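Structure record follows, encoded as structure tokens.
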Amino acid sequence: MKTRRDFLQHLTTAALALPIASVYGLENPLPPVEVPYQGPVLRVALLGLGSYATRVAEAMKACTKAKLVGAISGTPSKLKDWQRKYNIPEKNCYNYENFDAIKNNPDIDAVYIITPNALHKPQCLRVAQAGKHVITEKPMAINVTEAQQMVDACKQANVKLLVGYRMHFEAKTLEVIRMRKAGDFGKVLFFQGLSGFIIGDPTQWRLNPALSGGGAMMDIGIYSVNGARYMIGEEPVWVTAQETKTDPVKFKAGIDETIQFQFGFPSGAVASCLSTYSLNNLDKFFLDGTKGFAELQPSTGYGPIEGRTHKGVLKYPHVTHQTTQMDEMADILLNNRQPEVPVDGEEGLKDMKLIDAIYAAVKSGQRVELKG
Ligand code: NDP
């Protein structure tokens, strides 16, 4: 979506470029002059300073509309490091006991929750209560009941809730969605999503059901759940799923190792997906229609995402996903921008409903019917 600022920026660039182009020759004009961003900036505190939070913090150095200004951690030494590394003032640092006081801090607009999955809900409720916008990592919660409580709490507190769906801003992904909407693939009838990696350290929280809420499905399978929806552009009406476990010691009760699942959509399209903690080389989306296809591989890793369609290779420059995500989220939170693919709590809720249905289908062995 073009803003007035984008338009003015374009105008400035064009006005500067024209006379130069006429002097230097049209085929070899000087690069356009960048006009620095001067609009409002989203001031963000990260909650939970683990490995993904570090990736986000590094990526945010290149943001123009979002700025890392605060940190919340249970590890005092990390707070010290982060203050130094990211120039975070002491007054914007909190721990898990005292972060409700963020309510009285006018220098923080939003808190980005990047902790183990089971902590997202209680932490979201506290952030909402403190009157700050919430960004939470995926999965937004460990089941649909919790996810609904988060949506309700944010609504009640009059703050916005977003989920860290970075792929919803990725250029090649968005191009496939644009082509599908334009009818380039004809009638879309099939999606395949493959999401997996070999998980290491058996003592990590991802393999502890009390903190993870589930296994590969919560962690990586969710990319195929979410991807099936945005690639096909419909909401599933039925779910079937089958689980396989080869290592019941590492993958104890409550931790799914491998699940195959299938979705049926109102148009008649079907999705066939695999989620696993036991295989690498599984990061692929394939969409097929009566007139053409799209393939993304890798499809959801940190990038570069690679893709092609029946029309050829998708060519867009790679931009660090979390940089784009945080700039776009700033626009959503500060300027009410509506993204092409939603990233709000309702969107996260739809994935949680499907994950609950997948687990129910595994348990019962039956097809689960969904109401729209
Ligand atoms: P890490 O284990 O690397 O970090 C989690 C951090 O949470 C810890 O470092 C710790 O930070 C804090 N924490 C608070 N309580 C606990 C606890 N009981 N056990 C462990 N850690 C705790 O995990 P990740 O950063 O990989 O994952 C965090 C979240 O981000 C998950 O929900 C995950 O699904 C999501 N994620 C999303 C990705 C994406 O691409 N969108 C990629 C990777 C992860 P501190 O010491 O500061 O308190």
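Just so it is clear, the values below take in all heavy atoms, side chains as well, and ignore hydrogens, waters and symmetry mates. Each ligand, and each atom within it, is numbered from 1 in the order the structure gives. For the single chain, residues carry numbers from 1 onward in sequence order. All of these numbers come straight from a predicted model, not from anything done at the bench.
Residue Leu119 has at least one heavy-atom neighbour below 4.0 Å for each of these atoms of ligand 1: 14 (C), 15 (N), 16 (C). For ligand 1, the atoms closer than 4.0 angstrom to any heavy atom of Thr75 are 45 (P), 46 (O). Atoms of ligand 1 found under 4.0 Å from any heavy atom of Ser73 (numbered from 1 in listed order, with element): 45 (P), 46 (O), 47 (O), 48 (O).
Heavy-atom proximity to atom 31 (C) of ligand 1, evaluated over Thr300, Ile114, Thr115, Ile72, is greatest for Thr115. Of the candidates Tyr96, Tyr302, Trp205, Tyr112, the one placing a heavy atom closest to atom 12 (C) of ligand 1 is Tyr96. Evaluated by nearest non-hydrogen atom to atom 24 (P) of ligand 1, the leading choice among His120, Arg166, Arg206 is Arg206. Checking Gln204, Gln325, Lys138 against atom 34 (O) of ligand 1, the nearest heavy atom belongs to Lys138.
Under the side chain to side chain contact (heavy atoms under 4.5 Å, CB included) rule, Val127 has a single partner from Val111, Val159, Ile135, Thr136, which is Val111.
Of the possible donor and acceptor atoms, none in the side chain of Lys160 sits under 3.5 Å from a partner among the backbone N and O of Ala110. Listed for the Thr290 side chain is a donor-acceptor partner under 3.5 Å among the backbone atoms of Lys187. With hydrogens and angles disregarded, no donor-acceptor distance shorter than 3.5 Å links the side chain of Asn117 to the backbone of Ile142.
Among protein heavy atoms, atom 3 (O) of ligand 1 sits closest to Ser51 N, 2.8 Å. Looking from atom 17 (C) of ligand 1 to the surrounding protein, the closest heavy atom is Pro116 CG, 4.0 Å. Scanning the protein for heavy atoms near atom 32 (O) of ligand 1, the closest one is Asn117 OD1, 2.8 Å. Distance from atom 30 (O) of ligand 1 to its nearest protein heavy atom, with residue and atom name: Glu137 CG, 3.4 Å. Protein heavy atom closest to atom 4 (O) of ligand 1, with residue, atom name and distance, is Gly50 CA, 3.2 Å. Of the protein's non-hydrogen atoms, Lys78 NZ, 3.0 Å is the one closest to atom 9 (O) of ligand 1.
Taking the six-membered ring where the residue is Trp, Tyr302 and Tyr52 present parallel rings, their angle staying beneath 30° rather than reaching 60°. The aromatic rings of Phe286 and Phe293 are tilted relative to each other, their planes meeting at an angle between 30° and 60°. The aromatic rings of Tyr96 and Phe99 sit perpendicular, their planes meeting at an angle over 60°, well past the 30° parallel limit.
Proximity of Tyr223 to ligand 1, defined as any heavy-atom pair under 4.0 Å, is confined to the side chain (atoms from C-beta onward). Looking at Arg55 against ligand 1, nothing comes within 4.0 Å, counting heavy atoms. Of all the heavy atoms of Tyr52, the ones lying under 4.0 Å from any atom of ligand 1 are found in both the backbone and the side chain.
Taking only nitrogen or oxygen atoms, main chain and side chain alike, Gln322 does not reach within less than 3.5 Å of ligand 1. For the pair Gly74 and ligand 1, the shortest N or O to N or O distance falls below 3.5 Å.
Partners of Phe169 under the ring pair (Phe, Tyr, Trp, His ring centres under 6.0 Å) rule, at least two apart in sequence or in another chain, do not exist in this structure.
Around the NZ atom of Lys252, the shell of radius 6.0 Å holds more than 12 heavy atoms that belong to other residues, nucleotides or ligands.
Salt bridge status for Glu306 with Lys172: present, with a side-chain N to carboxylate O gap under 4.0 Å.
Side-chain polar atoms of Glu175 and Tyr316 form a donor-acceptor pair below 3.5 angstrom.
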